[in-house]
Amino acid sequence: MREKKIIKINSNINATEEIIIIKNLKLSAKFGYYPHEKIAEQPLIFNIKIYIDGNLYQDNSLDEIIDYDQIIKIIKDILNEKINFLETLSEKIISKIFNDQRINKINIRIEKTKAVEECESVGYEITKKRT
């Protein structure tokens, strides 16, 4: 059996919280309540912070980390569902991400950039913490 080597840069410094960041993820989807939103795709911008307790990594496998590619896949999969509101979309994404027990808090902001002509964007933001 091969011994695992734990990477610890400085033995007297420990992370108390780590944050995975997904910044300005731009995806297009048929999304929204109004009939015209269900016909044509519109751009959505996602900003997500995923908080985990500090961890020690062996630097060997994606299983050791929260893989942002998997988070993005979760979002893309959920966007294929028929959803009317950003609030519902946020809840579905958060619920799915929280399936990973290492995650203790999530902040998500979703913006629609074409919903209101007079605005750069409108959106919804929420933070949820595991209890």
Side-chain angles (χ1 to χ4, degrees):
M1 186 170 162
R2 191 172 145 191
E3 184 178 325
K4 290 185 177 180
K5 179 181 166 188
I6 295 176
I7 295 176
K8 194 167 186 180
I9 304 300
N10 189 331
S11 62
N12 63 351
I13 299 173
N14 292 312
T16 57
E17 183 176 70
E18 296 178 12
I19 305 170
I20 310 304
I21 299 169
I22 298 174
K23 184 176 181 180
N24 294 329
L25 172 64
K26 296 172 184 151
L27 299 172
S28 291
K30 291 180 183 176
F31 175 85
Y33 175 78
Y34 297 106
H36 69 273
E37 293 179 305
K38 296 177 187 307
I39 296 169
E41 288 191 350
Q42 64 177 304
L44 300 170
I45 299 176
F46 296 81
N47 283 280
I48 303 170
K49 290 184 179 179
I50 299 170
Y51 297 78
I52 59 175
D53 292 328
N55 197 1
L56 298 175
Y57 306 101
Q58 288 97 35
D59 203 39
N60 293 321
S61 168
L62 285 175
D63 294 334
E64 299 172 22
I65 64 168
I66 305 300
D67 184 358
Y68 50 80
D69 284 327
Q70 290 303 312
I71 302 299
I72 293 169
K73 183 182 181 321
I74 287 169
I75 295 167
K76 287 178 177 179
D77 288 347
I78 292 171
L79 279 175
N80 288 323
E81 300 176 22
K82 293 186 186 318
I83 299 171
N84 288 322
F85 303 113
L86 292 175
E87 293 83 351
T88 307
L89 178 60
S90 297
E91 288 292 331
K92 286 179 173 278
I93 292 168
I94 286 171
S95 177
K96 187 72 172 173
I97 293 172
F98 266 134
N99 283 339
D100 189 320
Q101 296 299 310
R102 299 172 293 177
I103 297 168
N104 59 51
K105 185 168 77 171
I106 300 169
N107 171 270
I108 184 168
R109 183 176 68 223
I110 307 172
E111 297 172 78
K112 295 166 73 172
T113 62
K114 303 287 185 190
V116 179
E117 187 176 320
E118 296 84 6
C119 298
E120 183 176 319
S121 69
V122 295
Y124 177 75
E125 182 171 1
I126 188 170
T127 300
K128 289 209 170 191
K129 186 174 184 177
R130 189 182 301 276
T131 55

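For reference, positions follow the sequence shown, starting with 1. Just so it is clear, the values below take in all heavy atoms, side chains as well, and ignore hydrogens, waters and symmetry mates.
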At what distance, to the nearest 0.5 angstrom, does [atom1] of [X] lie from [atom2] of [Y]?
X    : Y    : atom1 : atom2 : answer
E111 : T113 : CD    : OG1   : 8.5 Å
I72  : I22  : CD1   : CD1   : 4.5 Å
Y51  : I103 : OH    : CD1   : 12.5 Å
I19  : K105 : CD1   : NZ    : 7.5 Å
I108 : I75  : CD1   : CD1   : 5.5 Å
F31  : I110 : CZ    : CD1   : 6.5 Å

Residue pairs, two or more places apart or on separate chains, that pass ring-ring contact (aromatic ring centres under 6.0 Å, His included) and touch residues 75-107 =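 Pairs touching residues 75-107 that pass the test: Y33-F85.
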Kindly state each residue pair satisfying ring-ring contact (aromatic ring centres under 6.0 Å, His included) with at least one member in residues 110-131, sequence neighbours excluded.
->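 Qualifying pairs: none.
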Worked verdict on I78 versus I83 for side chain to side chain contact (heavy atoms under 4.5 Å, CB included) | CA-CA 9 Å; I78 292 171; I83 299 171; 3.8 Å; yes
Indicate yes or no for a side-chain donor-acceptor contact from [X] to the backbone of [Y] under 3.5 Å, with no hydrogens or angles considered.
X    : Y    : result
R130 : R102 : no
N107 : I48  : no
S90  : L86  : yes
K38  : G32  : yes

Residue pair E91, I126: steps toward the side chain to side chain contact (heavy atoms under 4.5 Å, CB included) verdict = CA-CA 9 Å; E91 288 292 331; I126 188 170; 3.7 Å; yes
Test log, rule side chain to side chain contact (heavy atoms under 4.5 Å, CB included), inputs I71 and F46 = CA-CA 11 Å; I71 302 299; F46 296 81; over 6 Å; no
Linked, directly or transitively: L27 and I50 (ILVMFWY side chains, under 4.5 Å) =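 Same cluster: L27 reaches I50 through Ile, Leu, Val, Met, Phe, Trp or Tyr contacts under 4.5 Å.
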Find out if a path of hydrophobic residues (ILVMFWY) with successive side-chain heavy-atom gaps under 4.5 Å connects Y68 to L44.
->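 Per the 4.5 Å side-chain linkage, Y68 and L44 are co-clustered.
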Taking 4.0 angstrom as the limit, do D77 and K73 come out as a salt bridge?
->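 Yes, this pair counts.
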Where is the tightest heavy-atom contact between P43 and S28, given as atom of each residue plus distance?
->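 Residues P43 and S28, closest heavy atoms: CA-OG, 3.9 Å.
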Nearest heavy-atom pair of N104 and I52: which atoms, and what distance?
->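 Looking at all heavy atoms of both residues, the closest pair is ND2-C, 3.6 Å.
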